[in-house]
Each structure stands twice: as structure tokens, then as C-alpha cells.
Amino acid sequence: MPSRVHVLFVHGLFSGPDTWSDFIGLIRGDPDLAFADLHTMQYATPKARLRPDRRIPDLADLAAQLATRLKAEDLRDGPVVLVAHSQGGLVVQKYLASATIRGQARDLARIRQIVLYACPTLGSPFFAKTRKWVFGSRHPQESRLRLLDGEVFEAHQLVLRNVVNADAVTDYTCPIPVTAVVGGEDNIVPRIEATGWFPTTETVAADHFSILKPAGHHAMQYQILKAVLPAAADAERPGPSVGTAADAVEQQGIQFSVEPPAGLGRLRGRDTLVGALMAPGRSRVHVLSGMSGIGKTHIAAEVAARRKDEGWDVWWVSVPQLAPRMREVAHLLGLPRGEIDEAWRGERSQTDLVWRGLENHGRPWLLVFDSVTDPAELGRVAPDTGRCDGTGWVRDVASANGSVIVTAQGGHNDVWGPWCRIHQVEPLSEYDGADVLLDIAGPDCGGVEQARQLSRALGGLPLALRAAASRVRSVSTGAVFLSEPVLSDFAGYLAEWRTREEAGNGDPAGGAGEEVLGLSIVRESLLLSARGLSTAATRLLHLLACLSDTPVPYRLLLRPEMLSETPLFAGVPIEQIRLAIGQLAQAHLIRRHKRGADDPDLSEVLSLHPMVHTVFREDDLVLSHRVDYGRAMLDILAAATENRTADDPDNWAVWAALFPHARDAVLSTVSSPATNSERLLVVSALNLARSTARYLLASGLLEPAGGLLDVLIEDCAGFRFDPSDTKILALRHERGRLSIELGNYDRAVSELREVIVGQVAAHGPDHAHTWASRHQLARALLERPEQWAEAEAMLREILPASRRINGRRHRDTVTVWHTWARALLHVEGARQAETMCREILIVCEQLWTPSYPETLYVWQTLGRSLLYQQRPDAAEFELRRGLSRVADTASPGALGIRHFAGMAMLQRGLVREARDELSTLLIDEERVLGPGHRLTDKTRQLIAEITDRLRGGGR
């Protein structure tokens, strides 16, 4: 019979020792467990305290009480098994964590096993708001049950590091197996919150309360506890002198399960990959590689389950407990006990011994190594290549009977052996992700299309999909009473997610938080996956998350020499910066993509998964260093756009790639309280905003230009700027240009007159900015027939000033010259305008490419001047000559030429041909300029007039 063992039961919140009566009764009636001495711990857990001389003990108090209880007379000698329910599990974890950080871990050596039933390791969403309303925000025990409570989460991390994954008994570590038991029907503490990151978990058919009421000795929750008691009673702990992991495991006699996990739910979208893992062939060592939360463990578990059904021997080894679990595999292979003992005492090779057993095993077998963060964890790597050398735990499988699967965050042929087949695990498709959501939440929470949209927003990450579905189901069924009711279906959840995404970099101003959305576990999982990165890689990852979630042209933006000059990377070796992108790619935190761009700076981009982008954008590291990250964003964007004039079409491919990042950098800078108080930083943002707006205006992207300009101008007081400040005047100047393009001439005239007053006050009447705004005012006046003469007189004055300030061949001078030609068309006659346009075109061809916007606008004016002279043949000839020199006939300038070419055809009497050509033009205008653009409206009106004429019998 096993030796005596003490079993101490710890109850949960608002309950007492009698909650364990069913378990205790079954153990006392089980002859197999006659060696177990049963004990309970009672502690105060009232719902309120009315007496001022008493307080409710907090988690630290309860942990200290547990430490005292273990020293009591009835528990003083012999091994101990701790069994806890709900909050009791938090008490146990706090006790373990406190002992290890105080250097008292050797006091834990008596504890042989820990079993936690429905413990809210990551918090409990159930009645989240109701608890706070009923018990108050200061209840010291209830508050610890809130999702991802800091104190509880810290304790859990310490337990994982110093207890669950410990190798030896020292002052600060003591290895103890922990089994987390989950109720499959528990909505108070769902599976994700209950399992935390414990490697050994079990799921039973029970809810939060029935899990403590096993129906009999056959009940699974009872069988789980019964299975650990004999091992705990027979195990012998090492004395204080134990120092090596091998000795610790040998002397403790701890049994580590190598059974594969079960109850993970239906696997979706992985049929092809599972088929590849099970297909016969030369490659028998498979590495599943992918980002955290992508579902690698679920895929391996599916293969393991199918192999077990086929009669294979399957061993599942959680790498954080590699040595003891491989010792168990050695036993199951039937290797001699003496040889195993020698290997685990360091007297012979453990890996050689186990692989000899594997190759000689007479039955088909599958060995799974789960949760590898570094190939070196599985054995030696060659120092010259950094690749597994085939002498560790992962080797080429010679036997046709065997197969190995490794789940790893990083995986490529440079680090794994050539005998390994690497499988990159990708996010689920929108529809497979929708199936996951519907599997968990049920059809009452939304249809396929709603689920598909939510799946797409979450990037098809299985961990995020499962967490979101669990939260939607909890809210819809009332398990999270009075929580955010909008989260009761997929559409509401998606709306909250999008609100959160649109709130802004690092300073979410709206939308539900991660706790409410149920995504805390995703956040912590991704943050854990980034641990171990170099300083450069860590900062670069957070910097990328601060940019837009669109592809990043990293060769243009992330040049090491450029980054090294930013304060964010001060003191970081430049060689480390050069290696950072590779590290992030290997960790699957970024992805690189090839693009078909001619510009080598744009030929390759990188992207972040939506969850990675969100998590690291809102990480504490960014929030506490917002100024540094904001300055770095603006610095790299300014450097990337330096000498790339926004008005030049040759630069538009670069600006198109950078625009989303520039917009987000500007808006996050001016909206964040941490950065909008830094005036120089805001000035940099406003300079970038103006250049970005100029690109958008020149390329015809009027709607995004308006959105950017309006928010900066209207909200300038929020970042401590006045509408008359020179930087805001510059943006108002661009908005005046925008109003002209949109045909809002009254608004343009009003705004530009105010801007000119401000420019004169700030710079004087003879400054380039003042003359530039006067030029735009003249453009607006040209759209009012009654003010043509005023506009022409103004331009006659502006042109000499521009030639004096900028030079005769400067872009701005030529633009003013062309505007004057347009004025002459109305005031002095078309022939003078024609002559001037031909002179201007000669200069344009000397300065710019044929497709430069201003060149195209001059061709338009030349064609108009010929139409005004009733010379449609000559007009169409010149317009088509100009158009023939343009590669993109859908650019804004080319669209104008096509419009007047249609008018020339109409003037020539080619009515039907003109209608057909203008109809094609209208499609392009609506796509490029938008349906409300002034040129689009003119083309639409012209088509309507032609249609009416044809109906009336005209050709």
C-alpha cells in the first residue's frame, strides 16, 4: 500500500469547507485510497464587512493563512496534495509565488501534486459588472476575479516559471505538477480563463458547481484526483542538497503525463495540412511553424487523436517539462530501468537511449514535441550553422513505423535539420474562421456572413476566434450578466472591435477593452511570444504596430542607418537593427511579401497580423514612450519622402505606399495627450500632413484629402494651435485648393481671403506663401464670370512677383503663368491664350515629363482656346497629341483632356461618337475623381444634353 499522503482541500469565494463533502465522502469510501488523510482549510470570505474593526482578508492574507495551515500539527509530516476550487486555486498560486520569490521554495518540497478545479487563473467574466455593483469596487477578494488582474496574473507567471517548469529544488524553485480541471459547461470560469498556461489540463462534463459534486467513483472529476494520489504518496522528495534537474526528477519520482490533449473542439480548415502530416513518405519529421495562437497545438492534437484511433502509440511531450516527460516516454518504451536511471543521472546520453528505443519499437508510434520556442531546447545545434545537428531529441526517423511532429513558433530550414519538413501554419480563411465562431457561439449569435466579417476582422487567428466566440456566447446566454449587451452577437462584437481599432494609436478613445471583448488571453499569448527578442527587434515591432495596418515598404522606411539616428534606437548597435527584421520574421510576428513594383524600395513589403498590430500598438512599452515612438514615426516618414515632391507623378507610387502610414502618424500625434503637448513634434506632423495633402490633391484623391485636412483644421485647438497659426494657414491654403477642385468656389474664395489676411500678418505681403494663396484665390475667382477681370488683374500682378521670388522656370511660376493664360481666355480672347499656352508648353517640356499634371492642364487650356475659336479639328488634334504622350489616360489631368476632346467631337458634329467616348470617360471619372467632382458633373451633364439631342432627332 502507498505511504500516507495528506490531501488539503481549499474552497472558493463565498463558500466553505462543506463544498468538498462529496469528494471527501467518495475518498473515504474508496478502499484504494485508504492511505489518504483528508483535511480542509477554512478562511473568511464574507460578501461584506459592517464592523469597522474588521476587514475582509485579501489574497495575500489568504496565502499567508495557507502557509500557516500547512504547518499545523495534523499536516506537519508527510507528503501533501493541494486540491482547490475557484478562488481557492488563486490562493494556492499566490502562496506558491510568494514562497518562491522570498527564497522559501524548499518549504514547498512536501507538496507533490496540485489539482485546481475551475480556477479563474485569468479571471472570471461571469457577472463582471454585477459583482462590482453588488460587492463594491473595493472588495479585496472579488476584485481579484476580474479578468487579467495584475496581482493574479503575476502570481500565475511566477508559478509557471518557478514551480511548473522548474527543474530542481532550490531556494527559489521547486518542481510540482499542476493539473487544471475545467468544466466543459462552466460559463462562470470558461476554459481559456481556467487553463491559463498550465501545460496539463483536463476537461469534464460539469459546470462551475457540479464539478464539485461527482456522481460516484466513476465520475471523471473524481478519477482525475484519484489518479494523482498514489503517485504523490509514493514519491520521495530530494533533500536540500539537490541541484540538478535529472536528480530532482529521479528522486521526486514525479509522474508526468505524456497523453495528448483532448477536448480542443472541432478542427476547421486544416484538412490539407493534417493529410500532409499523416501521408506516408520519406519525410517523417514535421515542424508546424507559425505565430502564437495560430492553432499549431490543435493541429498536432488532431493528428495524435487519429493516430491513436489507428492503434498507434502516441506520446505528447510539453517542451517546458522536456526531461521528465521524456523519462516517462523511456519507461513506456520498455527500456531497462537501470539504463534510464543512469541516463537521467548524467552517466549516459538520454537522447541516444530513447532514440534507440524508438527505432526498435515494434509498433507504429508518434512523438509530439509541443511548444518549442528555440530549436536548442531539443538538443544541440551546430555552432557554425545554428542548425539542429541530429544528435538531440529531434532526429531523422529511419524506421517506417515512426513519426515526429514539432510545434514551434519559429521554423525554417536554416534552423531545423534537412530531414525536417517545415509546414507554415497560416491563419484560417474567412469562411473557416466563421465556422469556428459558429461552432462555439452557435447559430443564434449570427449568420454565416456576420461570422465571416468578424473572422476577417480578427485575421483568422484561431485563438482570437475562440475567445471572441466564447465571449459572444457568454453574453448571449446571460452568463455574463449585465455585460456589454452589444456583444451578444457577431455584428455587435464586430462593431465594438472596429470602434476600438479606429480609436487611434496608443490612446484608444472608445470601444470595448480587451477584458470585455474576451481577448486578454490573446494579448498575453502574443506578448509572451515576443519575449527573448533583441532590444532592436522589440522596439522595431512596436514601431511597426504604431504605423498603419497596411503593408509597410520596409526598404524605404526602415533603413538601419535612418533608424539609428532616431532617439528610439539611440545606443542600439546598428548591426542589431539590421538583424531585427529577420528576427521578427522568424518569430512569425511579421510577414514579408514580394510585390511587382519597379522601384526596388517598393518591391518588398511587410505586414502585421491584425491581432499583432493591435496588441503591440497598445502595449505599455508604447504607451509609456509615446513621444519617442511618435518622433521615430515622423522621422522615418520625413526621411522617406525627402526630395520626393508630392506633386510629381514619378513619386506617386511611393506616396501611395506611404500615405496610410503618414495619415496615421499625423493623426495619432495630434490626438494623443502624450504627444500633442510637444509643439515641435506637432509641427513635424503638420508639415507631413501638408505634403500628404498635396499628394492627394495632385493625384485626384480628393475625399481622403478633405478628411485629413478637415480634422486637423477644425480640431487644431485640441493640440494647442490657432487657426491663424502659420502651420494651420498652410493647411487651410490646401483646403482652399480642395474646394476649387470640388467646385465649392464660394467656400474657396471665403477661406483663401482669410488665409491671405493671415499670411500677410505672419509673413508680409511680398512673401512666397502670400503670393501662393493669392494665386489660388485667383483660380477660384476664374470660376465666377463676374470676377474674371479681377482674377486677370490679380494674376498680372502675381506672375512678376513669382518670377522674382522663385525664378522664371520654377514650378510655381509656370503654374501662375498658365492660370493667367486661362484668365486671358475669358478677358482678352482665345487667340492670346492659345499663343501663351504654346509658349508655356515649350517650358513644360523642358522642366517635366509629358505626364506631369501641370503639363496636362496646359494641354487642356490649349484645346479650350481652340474650341473657343470654333476650330474643333485643331482642338481635337492638339488634345489627342497631348493625350498620346501620357501612359495613364485615367490620371486626373488626362481625364480633363479626354473631356475636352469629347467636346471637340461634339462641335465637329460627331454626336453619337462623342456620347460613346464621354460615357467611357464618365466611368473613369467616377472611379478616379468621385461622383461629386466638378469635372464628373460636367461630363454627366454633357452626356444628358447629347442624349436629349439624339432623342430630338439630332445625329
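Heads up: numbering here begins at 1 and tracks the sequence. No experiment lies behind these values; they were computed from the predicted model shown.
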Once you measure the plane-to-plane angle for Tyr222 and Phe23, does it fall in the parallel (<30°), tilted (30-60°) or perpendicular (>60°) bin?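 The rings of Tyr222 and Phe23 sit tilted, inter-plane angle from 30° to 60°.
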Check the angle between the aromatic planes of Phe209 and His85 and answer parallel, tilted or perpendicular using the 30° and 60° thresholds. tilted
Closest non-hydrogen atom pair, Glu430 against Ser455: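 Shortest heavy-atom contact: O-OG, 3.1 Å.
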Decide if atom CZ of Arg191 counts as having more than 12 heavy atoms of other residues, nucleotides or ligands within a radius under 6.0 Å. yes
Looking at side-chain heavy atoms only, is the closest gap between [X] and [Y] below 4.5 Å?
X: Leu62; Y: Lys94; answer: no
X: Trp316; Y: Glu259; answer: no
X: Pro462; Y: His298; answer: no
X: Leu589; Y: Ser529; answer: yes

So how far is it from [X] [atom1] to [Y] [atom2], rounded to the nearest 0.5 Å?
X: Ile176; Y: Ile114; atom1: CD1; atom2: CD1; result: 4.5 Å
X: Glu302; Y: Arg270; atom1: CD; atom2: CZ; result: 12.0 Å
X: Arg523; Y: Leu463; atom1: CZ; atom2: CG; result: 14.0 Å
X: Thr538; Y: Gln583; atom1: OG1; atom2: CD; result: 8.0 Å

Residue pairs fulfilling salt bridge (Lys or Arg N to Asp or Glu O under 4.0 Å) with at least one residue in residues 194-206, sequence neighbours excluded: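 Sorted result for residues 194-206: empty, none.
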Residues pairing under salt bridge (Lys or Arg N to Asp or Glu O under 4.0 Å) where one sits in residues 210-221, two or more places apart or in two chains, turn out to be Asp22-Lys213
Give me the one residue out of Val287, Leu378, Val372 that meets side chain to side chain contact (heavy atoms under 4.5 Å, CB included) with Val394. Leu378
Could you tell me which residues satisfy side chain to side chain donor-acceptor pair (under 3.5 Å) with Ser525, sequence neighbours excluded, listed by chain and number?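 Applying side chain to side chain donor-acceptor pair (under 3.5 Å) to Ser525 gives Ser292.
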